[in-house]
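In what follows, a structure is listed as structure tokens, so that the remarks can point back to it.
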Number of protein chains: 2
Amino acid sequence: MDNKVEIPRKAIYRLSIYSRCLKRLLENGIETVSSSALASAAGVKPAQLRKDLAYFGQFGTRGLGYPVEVLLNTIREVLGRAKLQPVVLVGAGNLGRALLRYDGFRKEGFEVLAAFDAKPDEIDESRIPVPVYSDDGLEDFIKENKVRMAIVCVPAEHGQAVANKLVDAGVQAILNFSPIVLQVPEHVVVTRVDLAIELENLSFFIDRD
Amino acid sequence: MDNKVEIPRKAIYRLSIYSRCLKRLLENGIETVSSSALASAAGVKPAQLRKDLAYFGQFGTRGLGYPVEVLLNTIREVLGRAKLQPVVLVGAGNLGRALLRYDGFRKEGFEVLAAFDAKPDEIDESRIPVPVYSDDGLEDFIKENKVRMAIVCVPAEHGQAVANKLVDAGVQAILNFSPIVLQVPEHVVVTRVDLAIELENLSFFIDRD
DNA sequence: ATATGTGAACGGCTTCACAGCC
DNA sequence: GGCTGTGAAGCCGTTCACATAT
């Protein structure tokens, strides 16, 4: 399959899920997996898995399945996850500090270099594995360290201002935990994670009294 | 518009976003809003906003727009957010404890009654506003308190077992922070929030060296 | 004049179903 | 026999465009 066909965003997202499943299979010493087995672990239909993989190559052996390790490495490559990716975090409140302590990021190849906060002096740095600086130095730091990704955990009222700063400094992707919709230029990608909205959304589906 | 037409999940999700925007408008004393203004604040197209609202009624005045307060209340009603919703959290690790301290849930009408952990004795409860119990009591607690929603923050290897317990006890909606795909019966809704995957997904869209 | 409500067109992702290969 | 790869069909949500209402 050739590169001219764009890979749909949704497919990209699922690639990450597949990679997690493959990682577990690899750890368990499994060398080959069928589309139906992997699909079920990832919560999708077999045909969809095969279509997703077909966007960037042919890896399977008919009658057999996919080689776990090769497939995993290829997916990582496609996702651009060959090397450690530097990240900054803005807003060291409750949530921000928790994310700084969260080891899932590093384990997956992201390095949070530093945190920034409007009032760094009031932050209890004792259990945080990275330095917390004042917002003032944000733009310089991003430029100096060629940071392209940022995590935003500031209150709603500061979200847009922070995003503007980040974009001006060269950030291209933002993981936004602030409960607002950020307005950014087209070349910048934002993923919004609003925990209260996720809960609210779920609550629609439970029985009412 | 009648109730026979199912509201798409994505539309439901957007209702939550609209409600946040409307809340801000209300706080600023704005009484009427057009579909284009509200849509732009919510990051969607005007036609989509109108379609979403049309799923459950007609609220606008042609030539004028929508009454902010009425619309907000109606959306809250549709979302089933009339009263406080009890929630339990399972897994009081870094992320779990941060979520317990996060005030966004309560502010939006969710009450985390208690947390459960495999090793509650090792948890530093000092800064957590709810009790942390042993996993043993999970099912009884859920039944006694008629809990229908749960937040899961346990390591991947325990995720499915915890989910099974929750479902058996009567939980109908799960917000899953564990990095696995939970297998649940059809009547149970799961929303997955995998922070590492979100980052990974974003990293696909930044320039490579 | 202006903005909603909505049938119809559109587009894109998902699923099917089967040909092709091991 | 079993499983992948893929064109074709199907489905669902989005967007358009205009009739409708104030």
Side-chain angles (χ1 to χ4, degrees), chain A residues 1-18 21-22 25 30-72 74-75 78 181 201 204, chain B residues 1-18 21-22 25 30-72 74-75 78 181 201 204:
Chain A
M1 180 126 275
D2 63 276
N3 285 343
K4 281 154 204 158
V5 180
E6 288 252 329
I7 309 183
R9 265 197 89 140
K10 287 189 152 189
I12 296 291
Y13 190 89
R14 286 189 298 265
L15 288 186
S16 290
I17 300 179
Y18 303 152
C21 299
L22 288 166
L25 292 173
I30 292 163
E31 292 177 358
T32 305
V33 66
S34 71
S35 65
S36 54
L38 183 53
S40 130
V44 302
K45 299 239 161 108
Q48 178 158 75
L49 170 63
R50 296 200 297 274
K51 259 276 151 73
D52 286 344
L53 300 184
Y55 281 117
F56 55 95
Q58 299 185 183
F59 311 96
T61 307
R62 298 179 194 221
L64 235 178
Y66 298 92
V68 173
E69 190 161 11
V70 172
L71 187 55
L72 177 57
T74 310
I75 290 179
V78 170
V181 176
N201 184 40
F204 176 78
Chain B
M1 180 127 275
D2 64 275
N3 285 343
K4 280 153 203 158
V5 180
E6 289 251 328
I7 308 183
R9 265 195 90 141
K10 286 190 152 190
I12 296 292
Y13 190 89
R14 287 189 297 265
L15 288 186
S16 289
I17 300 179
Y18 303 152
C21 299
L22 288 166
L25 292 174
I30 293 163
E31 292 179 357
T32 304
V33 66
S34 71
S35 64
S36 54
L38 184 52
S40 130
V44 302
K45 299 237 163 109
Q48 178 158 73
L49 169 63
R50 295 200 297 273
K51 258 274 151 73
D52 287 344
L53 300 184
Y55 280 117
F56 55 96
Q58 299 184 183
F59 311 97
T61 308
R62 300 183 193 217
L64 234 179
Y66 298 91
V68 172
E69 189 161 11
V70 173
L71 187 55
L72 177 58
T74 310
I75 290 180
V78 170
V181 176
N201 185 40
F204 177 78

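Below, read A as the first sequence line, B as the second, and so on, with proteins coming before strands; counting in each chain starts at 1.
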- Task: Enter the distance from A:Tyr18:OH to A:Thr74:OG1 here, rounded to the nearest 0.5 Å.
- Result: 15.0 Å
- Task: Give a yes/no answer on whether the side chain of B:Thr61 brings an N or O atom under 4.0 Å of OP1 or OP2 in C:dT4.
- Result: no
- Between C:dG5 atom P and B:Gln48 atom CD, what is the distance in whole Å? 15 Å
- Task: For A:Arg9, answer base if it contacts any base atom (sugar-phosphate contacts may also be present), sugar-phosphate if it contacts only those atoms, and nothing otherwise; contact means non-hydrogen atoms under 4.0 Å.
- Result: nothing
- How do A:Lys51 and A:Gly65 order along DNA chain D: which one's closest nucleotide is nearer the 5' end? A:Gly65
- By nearest nucleotide on DNA chain D, pick out whichever of B:Arg62 and A:Ser34 is the more 5' one. A:Ser34
- Assess whether side chain to side chain contact (heavy atoms under 4.5 Å, CB included) is satisfied between B:Val78 and B:Tyr55, documenting all intermediate values. CA-CA 10 Å; B:Val78 170; B:Tyr55 280 117; over 6 Å; no
- Note on the structure: Between CG of B:Leu53 and C1' of C:dG5 the distance, given in whole Å, is 11 Å
- Item | Step-by-step side chain to side chain contact (heavy atoms under 4.5 Å, CB included) determination, B:Tyr66 to B:Leu53 | CA-CA 10 Å; B:Tyr66 298 91; B:Leu53 300 184; 3.6 Å; yes
- Rounded off to whole Å, could you give me the CZ-to-P distance for the B:Arg50 and C:dA8 pair? 17 Å
- Message: Which is more 5' along DNA chain C, the nucleotide nearest B:Val33 or the one nearest A:Ala47? Just name the residue.
- Response: B:Val33
- Task: Report the distance from atom CG of B:Leu49 to atom C1' of D:dC16, rounded to the nearest whole Å.
- Result: 16 Å
- Task: Give one of base, sugar-phosphate or nothing for B:Gly63, where a contact means two heavy atoms less than 4.0 Å apart.
- Result: base
- Message: Evaluate B:Leu38 against B:Leu71 for side chain to side chain contact (heavy atoms under 4.5 Å, CB included), listing each step before the verdict.
- Response: CA-CA 11 Å; B:Leu38 184 52; B:Leu71 187 55; 4.3 Å; yes
- Distance, rounded to the nearest Å, where B:Leu38 contributes CG and C:dT4 contributes C1': 13 Å
- Message: B:Asp52 and salt bridge (Lys or Arg N to Asp or Glu O under 4.0 Å): which single residue from B:Arg9, B:Lys10, B:Arg14 fits?
- Response: B:Arg14
- Is the phosphate of C:dC13, meaning OP1 or OP2, less than 4.0 Å from a side-chain N or O of A:Tyr55? no
- Rounded distance in Å - CZ (B:Phe56) to C1' (C:dG5): 14 Å
- In whole angstroms, how far is the C1' atom of C:dA3 from the CZ atom of B:Phe59? 17 Å
- Item | B:Gln58 side-chain N/O to C:dT6 phosphate OP1/OP2 under 4.0 Å | yes
- Task: Take atom OH of A:Tyr13 and atom P of C:dT14, then tell me their distance rounded to the nearest Å.
- Result: 13 Å
- Ranking D:dT15, C:dC13, D:dG13 by distance to the side chain of A:Lys10, first place goes to C:dC13
